[in-house]
Amino acid sequence: MEGCPFCIKAKSFLMEKGIRFSEIKVRPGSKEWAQMHQKTGMRIPPQILDGDEPIGNYSDLVNAYAAGKLTEKPGLISTLYDVIIIGGGPAGLSAALYAARKVLKTLLISQDIGGQVTYTYDLDNYLGFSQIETADLIAKFEEHVEKYGVEKQVGKKVTSLDLTGKIKKVTSDDGKTYFSKSLIIATGKRPRPLNVPGERELIGKGVAYCSTCDAPLFAGADVAVIGGGNSALEAVLDLDKVANKIYMVSLTELSGDQITMDKVKKSSKVKIYTQYDTTRIIGSSSVEGVEIKSLDTQHVQKLDVEGVFIEIGLLPNSDLVIDILSTNEFGEILIDNMCQTGIAGVFACGDVTNVPFKQVIIAAGDGAKASLAAYNYLIRQR
Amino acid sequence: MAKIKIYTSPKCPHCKMLKEFLSKKKVDYIAYDVTTDKEALKEMINISDGVRSVPVIFLCDKVIVGFDQGSLEQELTKCLGPGA
Ligand SMILES: Cc1cc2nc3c(=O)[nH]c(=O)nc-3n(C[C@H](O)[C@H](O)[C@H](O)COP(=O)(O)OP(=O)(O)OC[C@H]3O[C@@H](n4cnc5c(N)ncnc54)[C@H](O)[C@@H]3O)c2cc1C
């Protein structure tokens, strides 16, 4: 029943002991309420049944368990974690390290290790390393976390969350459900797609989101870069080294660091279209062109290109919680200075949150903070 | 001979992570740098039906685009047997 502290206690107890159970919600006057009365003779929830046999209320359950009378055996549901961390970028890895050092029973679930930063070749602003390849920095992060033996599920996507009870449930795309007393969401960001016809179908076949990785594969080719900010400008410069001709297509005027902008404008290979919308990517088995439309004259034209690099910003991976947690106008999860989300025991950190300035060192710092806050929360629950 | 070929570019973090992953698993592979090896680039585009993105992995007649640790682990087991 809603608003019934002993119902919550009974559920937590069963969960903690790993005893499988199903829950029947009752309301005074409901059909289920009548059934509860009929089966147990009692009118005060919770009432616990072992098979058909009534056990009684919460304290009867604890006594029955202590006396070994329950037929449902402990350990049937999977482990109960202290904390589950979703995301294996800098924020999630740092959270995992701090959780492990507090000896919390920790699980890290992530689609990959490294996150967004693996879309750039090297970093020169992470304290302690004047320049480091991102693959090396991530390997160091991972090694550090591994030293504490954190349990990991890599290559798994979390597809749903149940945050209603005290025990949080996390379900991944292989159908497995994990249970935890607290949760840290560190799902970061992903490249924003254009959402135009042809884009999805031709990903990898000329449509690219990682210019450091794929630019060199377009040696001698004509290509387009979509976007008008810093990352688009950087992509143009990556391509400038190898490509034949580069069209830069932006809805707005270019904006970004002056030095980068000047370099782009100076290149004889680059033709800039500002105030242009991208409406379609053309090609059957690989990219053959891109269709653009002038916002001013509505004139549509086709650019013959073999590659389209899409650099129009990032979207937060907050779809899982968008209707459960508070988010801002960008879809970023709102947190306070303890990384709390508004639901007790649910924390968030890194680029998926409203924390200003998206950087590796900031995400890592916030990951640490989220774990320490989760630790404080768990201590208070004991 | 190595059963696994990977097509890479030098400034691609996912390529480096892929190599480290395979080495950690003690799996033999041949790596091609498609930015300098034009034949390898042609071969990569050919076997992958037009893919122009790295890394591309060729193992046991299967082509995988990108480094996704979870699915690669499964494919490795299928290709090389358990323990890989
Ligand atoms: C091109 C580029 C260049 C950059 N350059 C710099 C730089 O020079 N210096 C710097 O400090 N910062 C840089 N950044 C920013 C930096 O990468 C981010 O601030 C940082 O990666 C944020 O870390 P995070 O852990 O919050 O998120 P992310 O790195 O985005 O990690 C999120 C993780 O969550 C996982 N995930 C998401 N959804 C799910 C799900 N449903 N289930 C399971 N797992 C999920 C992802 O697989 C990923 O592992 C750059 C970013 C980009 C894109």
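Source: prediction; values computed, not measured.
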Visitor: Other residues, nucleotides and ligands only: do more than 12 of their heavy atoms fall within 6.0 Å of NZ on A/K269?
Guide: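 Above 12, so yes.
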Visitor: Of all of A/D136, A/V242, A/D112, which one pairs up most often with chain B through heavy atoms under 4.5 Å apart?
Guide: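 If we count pairs closer than 4.5 Å to chain B, A/D136 comes out on top.
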Visitor: Check each atom of B/T8 against the heavy atoms of chain A and say whether the ones under 4.5 Å are side chain, backbone, both or neither.
Guide: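 Neither part.
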Visitor: May I ask you to decide if A/N317's main-chain N or O and A/T187's side chain share a donor-acceptor pair within less than 3.5 Å?
Guide: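 Confirmed, A/T187 side chain pairs with A/N317 backbone.
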Visitor: What part of B/K19 gets within 4.5 angstrom of chain A, counting heavy atoms only: side chain, backbone, both, or neither?
Guide: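 For B/K19, no heavy atom lies under 4.5 Å from chain A.
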Visitor: At a heavy-atom separation under 4.5 Å, does A/I138 approach chain B through its side chain, its backbone, both, or neither?
Guide: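 Contact with chain B involves the side chain of A/I138 alone.
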Visitor: So which part of B/P10 gets closer than 4.5 Å to some heavy atom of chain A, the side chain, the backbone, both or neither?
Guide: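 Contact with chain A: backbone only.
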Visitor: Tell me, for B/V34 versus chain A, whether the close heavy atoms (under 4.5 Å) come from the side chain, the backbone, both or neither.
Guide: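 Contact with chain A involves the side chain of B/V34 alone.
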Visitor: Please classify the contact of B/S9 with chain A as side chain, backbone, both or neither, using a heavy-atom distance under 4.5 Å.
Guide: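 Only the side chain of B/S9 comes within 4.5 Å of chain A.
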Visitor: Given the options B/D49, B/L41, B/I45, B/L72, which has more heavy-atom pairs under 4.5 Å with chain A than any of the others?
Guide: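 Most heavy-atom pairs under 4.5 Å with chain A: B/D49.
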Visitor: What pairs of donor and acceptor atoms, side-chain ones from residues 206-224 of chain A against any protein atom, are under 3.5 angstrom apart with sequence neighbours left out?
Guide:
residue	atom	partner	partner atom	Å
A/Y209	OH	A/E199	OE2	2.7
A/S211	OG	A/D238	OD2	2.9
A/T212	OG1	A/Y119	O	3.0
A/D214	OD1	B/V54	N	3.0
A/D214	OD2	B/S53	OG	3.1
A/D222	OD1	A/N244	ND2	2.8
A/D222	OD1	A/K245	N	3.3

Visitor: Counting only heavy atoms closer than 4.5 Å, note whether A/Q111 contacts chain B via side chain, backbone, both or neither.
Guide: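 The answer is the backbone of A/Q111.
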Visitor: Do side-chain atoms of B/K38 reach the backbone of B/T35 as a donor and acceptor pair under 3.5 angstrom?
Guide: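 Side chain of B/K38 to backbone of B/T35, a donor-acceptor pair under 3.5 Å: yes, one is there.
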Visitor: Check this for me: does any side-chain nitrogen of one of B/E75 and B/K78 sit under 4.0 Å from a carboxylate oxygen of the other?
Guide: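 A salt bridge is present here (some side-chain N lies under 4.0 Å from a carboxylate O).
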Visitor: Looking at A/D173 and A/K157, would you say the former's side chain and the latter's main chain have a donor-acceptor pair under 3.5 Å?
Guide: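 Between the backbone of A/K157 and the side chain of A/D173 there is a qualifying donor-acceptor contact (under 3.5 Å).
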Visitor: I want to know whether B/F58 and B/Y32 have ring centres closer than 6.0 Å.
Guide: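 They do not qualify: ring centres at least 6.0 Å apart.
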